Amino acid sequence: MKTVPVITPEKAASKVKSGDALLVGGFGMTGNPVGLLHALAKTEASNLTYIGNNIGESNLGGGKLLRNGQVKKMVGSFFTSNPDAVRATQSGDVEYTLLPQGSLAEAIRAGGAGIGGFYTPTSVGTILAENREMKVFNGVEQILIESIRGNIGLVRAWKADTFGNLIYRMTEQNFNKAIATAADLVIAEVEEIVPAGEIAPDAIHTTGCYVDFLVEHKLKEENLGSSASIDRNRDIPESRLNIARRAYRELKRGDVVNLGIGIPTLVAELISEDDEIILHTENGMLGVGPAPSDGSGAMDYPVNAGKVPVTALKGTSYFDSTESFSMIRGGHLDVAVMGGLEVDEAGNFANWAVPGKSLLGVGGAMDLALGAKNLIITMTHNNRDGSSKVVPLCSLPLTARKAVNLIITDLAVFDFSAGCLTLREIMPKSSLDRIRENTAAKFVERLHQSHV
């Protein structure tokens, strides 16, 4: 077998030419080839198209390229965490294409497999489906997503052998595994290079035929950004805790559950191993445990979709983003608990974009909304200006159509089991009069007092 050349980060960066399309691994800064990106930021390469889930933090990873003005276009699913990306898109300095996270991962996988594209129900009825070809399969509307390939693929692995075989650590598979297959030239930044044969054949995640060059680069905690450690000094209002407690009551023993960012993350703190509830996170982990008790960060632990370090329970498994979204789209998740900005009388909901701001952060919400067997939306009942979030018709960009099964707010619990928006419970310190006064949508009442 052919030995893969080992080169320096600087030599690797020199292989990127102006105008290239870069496929870049990572989820947040986890599994991000930060050494390669920082070396690239020191070159004259410009007019780059950056393809990845996100573009790193303000001065980390791809964030350096963006700040240098080396990026002309971004393609990804979540850029809102980088304020430079928000400013660049609002000013028109950088073009962008936003894709749901699962569609992005599958488009890259398809590109690596020589497939021209695929049809998916994800994002149908939303602004992300506009101007895309649509067909109906088995009565379900689906849109065409074209495959994605790049000139250069930059991935981060934990270990490589001299044949270029790679293994990834914990949740660091994410987009790396697909990206390693989908570029004309692939450079793998790795923590350690070992002799061929030292990695067991059945432990290999990416086979060496995909990898052109290896770069040995030791990971540093300062390169992990916001995932480096966790903040336990949170003062959480009782009303938000009540919403989380009520959502927890919906979960059953044996359920496979995905928890979104915001109030849903509080549900995780209520779940114990005795509940036998299996938590899934879309960046590639099944069996998510509580936050580390020792205060350590992503140098020592996996991270969840909120890029927060978590522990692994007995029986936990790790996988890449394409397999994670196959679980989601394939109907293997029992419950998704997500935050919301609006839910309307038809069960449509919006949770990812607000007027006047760049549409940069859809993440995996659209895939989860359609793929989970039951969708629970948790949110405060009213906006800061007092307006209702439970509305006759959503005015914000939709996440999914007719997808919501249950709404839990600080005032009330609604469902759609009667074929319309139905008030089922009054939350603690709320009242029927208060719910009527604060709800813009029409609803029927079949209720009892909630006990959270």
Side-chain angles (χ1 to χ4, degrees), residues 25-28 30-31 51-55 75-81 97-109 118 120-129 143 145 148 171 173-179 227 256-265 267-268 278-286 288 302-308 310 318-341 349-353 359-378 397-401 403-404:
F27 187 92
T30 304
I51 306 166
N53 183 57
N54 54 280
I55 199 166
V75 180
S77 83
F78 198 84
F79 297 123
T80 54
S81 57
T97 297
L98 196 66
L99 288 169
Q101 195 173 111
S103 297
L104 175 66
E106 189 66 12
I108 295 169
R109 189 204 67 80
F118 60 95
T120 176
T122 298
S123 78
V124 168
T126 77
I127 61 175
L128 296 191
I143 61 168
I145 302 293
I148 294 174
T171 49
Q173 289 188 51
N174 51 66
F175 281 80
N176 282 301
K177 189 174 177 181
I179 284 173
S227 295
V256 178
V257 179
N258 184 286
L259 301 175
I261 298 170
I263 293 174
T265 61
V267 179
I278 306 163
L279 293 183
H280 169 277
T281 180
E282 57 262 39
N283 57 309
M285 182 178 181
L286 193 65
V288 180
V303 300
N304 64 16
K307 306 176 185 67
V308 175
V310 294
Y318 301 112
F319 34 86
D320 78 322
S321 294
T322 62
E323 184 169 354
S324 184
F325 282 92
S326 293
M327 294 178 187
I328 294 168
R329 289 191 306 268
H332 304 289
L333 265 65
D334 296 294
V335 182
V337 184
M338 301 171 65
L341 296 173
F349 87 106
N351 80 336
W352 68 280
L359 306 180
L360 293 176
V362 67
M366 290 182 177
D367 304 275
L368 285 161
L370 291 182
K373 296 173 185 175
N374 290 286
L375 176 61
I376 300 171
I377 300 299
T378 58
L398 289 185
T399 303
R401 300 182 304 184
V404 179

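Here the structure is a predicted model, which means the values were calculated and not measured. Hydrogens, waters and symmetry mates play no part in the numbers below; they use all other heavy atoms, side chains included.
- The minimum heavy-atom distance between Leu370 and Pro121, with the atom names listed, is CD1-O, 3.1 Å.
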* Give the intermediate values and the outcome of side chain to side chain contact (heavy atoms under 4.5 Å, CB included) for residues Ile148 and Leu104. => CA-CA 8 Å; Ile148 294 174; Leu104 175 66; 4.0 Å; yes
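- In this structure a side-chain-to-backbone donor-acceptor pair under 3.5 Å is present from Thr281 to Ala305.
- Side-chain contact between Thr120 and Glu106 is absent, with no heavy-atom pair separated by less than 4.5 Å.
- Partners of Asp367 by side chain to side chain contact (heavy atoms under 4.5 Å, CB included), not counting sequence neighbours, listed by chain and number: Pro100, Ser103, Thr122, Phe325, Ile328, Arg329.
- Closest of all the heavy-atom pairs between Gly28 and Asn54 is N-OD1, 2.9 Å.
- Looking only at side-chain heavy atoms (C-beta outward), Leu333 and Met327 come within less than 4.5 Å of each other.
- Between Val362 and Leu128 the shortest side-chain heavy-atom distance falls below 4.5 Å.
- You'll find the side chain of Val404 reaches within 4.5 Å of the side chain of Leu375, heavy atoms only.
- Under a 3.5 Å cut-off, the side chain of Asn283 and the backbone N or O of Val303 do form a donor-acceptor pair.
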* To do: Would you please test Leu259 and Thr265 for side chain to side chain contact (heavy atoms under 4.5 Å, CB included) and show each step?
  => CA-CA 6 Å; Leu259 301 175; Thr265 61; 5.7 Å; no
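- Ala336 approaches Leu368 most closely through the heavy-atom pair CB-O, 4.3 Å.
- Inter-residue side-chain proximity for Tyr318 and Glu323 is flagged as unmet; no heavy-atom pair is nearer than 4.5 Å.
- One side chain, His280 or Ser324, offers a donor N or O that lies under 3.5 Å from an acceptor on the other.
- Here the side chain of Asn374 pairs no donor or acceptor atom with the backbone of Val335 at under 3.5 angstrom.
- In terms of heavy atoms, Ala369 sits closest to Phe349 at CB-CE2, 3.6 Å.
- The side chain to side chain contact (heavy atoms under 4.5 Å, CB included) check on Ser81 picks up Phe78, with sequence neighbours excluded.
- Of the inter-residue distances, the one linking Asp334 atom CG with Asn258 atom CG reads 11.5 Å to the nearest 0.5 angstrom.
- Rounding to the nearest 0.5 Å places CG of Asn53 at 11.0 Å from CG of Asn176.
- The structure places NZ of Lys307 at 8.5 Å from OG1 of Thr30, a figure rounded to the nearest 0.5 Å.
- Using modelled atom types, one finds no donor on one side chain facing an acceptor on the other under 3.5 Å when comparing Asn174 with Ser321.
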* side chain to side chain contact (heavy atoms under 4.5 Å, CB included) between Thr171 and Phe27: does it pass, once the steps are laid out? -> CA-CA 9 Å; Thr171 49; Phe27 187 92; over 6 Å; no
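- Residues Met338 and Trp352 have side chains not in contact (no heavy-atom distance under 4.5 Å, counting atoms from C-beta outward).
- Shortest non-hydrogen contact noted between Thr126 and Ser123 is OG1-O, 2.7 Å.
- Contact annotation: the side chain of Val256 never approaches that of His332 to less than 4.5 Å [non-hydrogen atoms, C-beta and beyond].
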* Do Met285 and Asn304 pass the side chain to side chain contact (heavy atoms under 4.5 Å, CB included) test, and can you show the C-alpha distance, the side-chain angles, and the key distance before you say yes or no? -> CA-CA 8 Å; Met285 182 178 181; Asn304 64 16; over 6 Å; no
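- By the 4.5 Å heavy-atom criterion applied to side chains, Asp320 and Arg109 are not counted as neighbours.
- For Ser326 (side chain) and Thr322 (main-chain N/O), a donor-acceptor pair under 3.5 Å exists by modelled atom type.
- Nearest heavy atoms, Ile127 versus Pro397: CD1-CB, 4.1 Å.
- Taking CD1 of Ile51 as the reference point, atom CD1 of Ile108 lies at 7.0 Å (rounded to 0.5 Å).
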